[in-house]
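Atom set for the values below is all heavy atoms of this structure, side chains included, hydrogens, waters and symmetry mates excluded. So that the names make sense, note that chain A is the first sequence line, chain B the second, and so on, each numbered from 1.
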Amino acid sequence: MIGYTVRRLGQAVIVLLGLTVLVFALEHMIPGSLARAILGSRASPGAIAAFDRVNGLDRSVVSQYWTFLSHVLHGNLGYSYRLNQSVDSLVVHELPNDLILVGIALLLALGIAIPLGICQAARRNRAFDHLTTGVSFLLYSMPSYWLGLLLVAGLAIGVHVFPPEAPQATSPAGVLADPRALVLPVITLTLVNIALFGRYMRSAAVDTLAQDYVRVARAKGLPERAVLTRHVLRNSLMPVVTLLGLSLPAVLTTGLVVEYVFNFPGLGLTYFNAAVNADYPLELGITVIVGIATVLGSLLADLAYAVLDPRVRYG
Amino acid sequence: MAEVETLHISAESPGEDPASASAPEVVPAVARRRSFAAGFVENRTGVVGLGIVVAIGVFCFLGPLVYHSDQIHANIALTNLAPGRGHPLGTDANGFDILGRLMVGGQSALEISLAVALMATCFGALWGAVSGFTGGVIDAIMMRIVDVVIAVPAIFLLIYLATVFRPTVPLLIVVLSLLSWLGPARLVRGETLSLRTREFVDAVRAAGGRSSRIVGRHIIPNALGTISVNATFQVADAIIILATLSFLGFGLPPPAVSWGGMLSQGTTYLLDGYWWEVYPAGLIVMVTVVAFNFIGDGLRDTLDARLRER
């Protein structure tokens, strides 16, 4: 296990370094220069030279990358000139809101998708299975904003049950203080994730049900409910652990879109606004955070899998 | 999203129930030799999906030849007209005919997504095959590169690049392909790892075949089934991500028409009850994506059935 962990950690470190190289390259892809993009097209050559000197942009690429890397390692993700605020302070301020939205939606989605997948597998090819598979197929094929808009049209405009907009407070406590406004964004994100996890859960449970130990459990007279909870559930959860770690990019993508649709005060919306305002440092700072989260997610998933399934660490 | 689709295949294909595939338990000798196309035709979902895709293709590319509408000049005398005579699906806020607009918007959506699926699949398959076949340090480096690009969700990179560069059709194709080849690369690498230990590869090697010949003539053709299933899902993914990008306002700039852009503009009028500016665009995206996913599922089931027959 130790060997596997060390190897996997080493991989993650290499990928994180690669990520910083990628983001550094993206920053240097800006046509003209960063100084020109920030100071504007009428900035004097003197002002540009001064900006380059202060930010070290007149030094060699290697030395600039080195500075960038050391900044990232010290938690300095750059400075948003439009908002006149450091990117890390923005992230610290808004990440809790995202954790609330994504966290609730993921918990709900898993809480529904796991039993649903097992029920589908247990009643395979019957009406219940066909119906739920069909619905999840439809959800899976929907752009998330389209689902959000349908919910707004139905539940906010058609019948006025929930407000069409997410909580507009900026603090996590304020967001939680307005649970009714949280309903539609959470439902949208939850439905998309149920479709994502439900498909895997169903096929994992179908696989498990075909195993010999399930036949043995049934043969020794275990009630079907016990077979499903004790044997099928546990063994079908493993692919979902991996999926949960790997699905982070998809979840964050949906999060960005949902935040845009419902005007939710999170990092996704901030990223969108940064893009609209051509606030490159903010965009890249958030990109680094998102990338780190993804790498850590897949690392944790692999390690959890190794703990759950001994075949992985000795393989 | 691409990597999720990839996972979906590897996670579901072994366990997919035999009943959903069209193969009977006992396969007669004649049936065993039937072509892939014949197997696919027996698969209902796949055929339905193909039918829908063909219909949408005809609608988008041949429709404008029959149904003429001006999609270049805004006409404020015709804004927000409800469906009726002359405009079966009404008009939008700039007086453009919605039905005609759906056709034109579909052209770029289909062109870009098909091109992306093709480019991403070819490049990804080659990358994965070379990586898996070579092994060792080169494999490790090649796969870490995949890990790095996969670490940043495509939509974030796309939005960033759309703010830095002005989106055009070729640029969108290139950028989307650069972000979509990772799934196929991982998938084909996995396939290659199992293929390269097979006897026929040893045979080619013993006969003096070079590595490039083994990869190009033997490994890739043998992984072609998996690759083509994935390519279909890639089209569906590309349509979704493209529609999302234009919905957010980072797609092709006007006068280009896109389904996502139509939806985004129509959303403004959701409260006014101008349903014809919202639902047709949303529905056509959904139906197109469902259709490509149907084809992918159908191809996969046919492929699974054939593998079982062997």
Could you look at [X] and say if it's the side chain, the backbone, both or neither that has a heavy atom under 4.5 Å from chain B?
| X | answer |
| --- | --- |
| A/Ala278 | neither |
| A/Val261 | side chain |
| A/Tyr271 | side chain |
| A/Ile292 | neither |
| A/Ile157 | side chain |

Per-residue contact mode, [X] against chain A (heavy atom under 4.5 angstrom):
| X | result |
| --- | --- |
| B/Thr267 | side chain |
| B/Val287 | neither |
| B/Phe292 | neither |
| B/Phe165 | side chain |

- prompt: Is the shortest side-chain N to carboxylate O distance from B/Asp297 to B/Arg300 below 4.0 Å?
  reply: yes

- line: Highest number of heavy-atom pairs under 4.5 Å with chain B among A/Leu149, A/Thr287, A/Leu209 belongs to A/Leu149

message: Between A/Val15, A/Thr294, A/Val295, who has the most heavy-atom pairs with chain B when the cutoff is under 4.5 Å?
response: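 Greatest number of close heavy-atom pairs with chain B: A/Val15.
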
query: chain A: which of B/Val278, B/Leu263, B/Val285 shares the most heavy-atom pairs with it under 4.5 Å?
result: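 Highest number of pairs under 4.5 Å: B/Leu263.
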
message: Counting heavy-atom pairs under 4.5 Å with chain A, which one of B/Ile145, B/Val290, B/Asp147, B/Val149 comes out on top?
response: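 Greatest number of close heavy-atom pairs with chain A: B/Val290.
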
query: Would A/Asn235 and A/Thr208 count as having a side-chain donor-acceptor pair, cut-off 3.5 Å?
result: no

query: Is a side-chain donor-acceptor pair under 3.5 Å present for A/Tyr65 with A/Thr20?
result: yes

task: Measure across A/Ser141 and B/Ile240 and return the closest heavy-atom pair with its distance rounded to 0.1 Å.
output: O-CD1, 3.8 Å

field: B/Ile138 atom CD1, neighbour heavy-atom count above 12 within 6.0 Å
entry: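 Open: at most 12 neighbouring heavy atoms sit under 6.0 Å from CD1 of B/Ile138.
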
- request: May I ask you to check whether over 12 heavy atoms, not counting those of B/Arg44, lie within 6.0 Å of atom CZ?
  value: no

Atom pairs and distances, donor-acceptor, side-chain atoms in residues 156-164 of chain B, under 3.5 Å, two or more places apart:
| residue | atom | partner | partner atom | Å |
| --- | --- | --- | --- | --- |
| B/Tyr160 | OH | A/Leu26 | O | 2.8 |
| B/Thr163 | OG1 | A/Glu283 | OE2 | 3.4 |
| B/Thr163 | OG1 | B/Ile159 | O | 3.4 |
| B/Thr163 | OG1 | B/Tyr160 | O | 2.5 |

- request: For A/Tyr81 and A/Pro281, indicate whether the former's side chain and the latter's backbone hold a donor-acceptor pair under 3.5 Å.
  value: no

- prompt: Between A/Tyr145 and B/Phe247, what is the ring plane arrangement, given parallel below 30°, perpendicular above 60°, and tilted in between?
  reply: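 If you compare the ring of A/Tyr145 with that of B/Phe247, the planes turn out parallel.
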
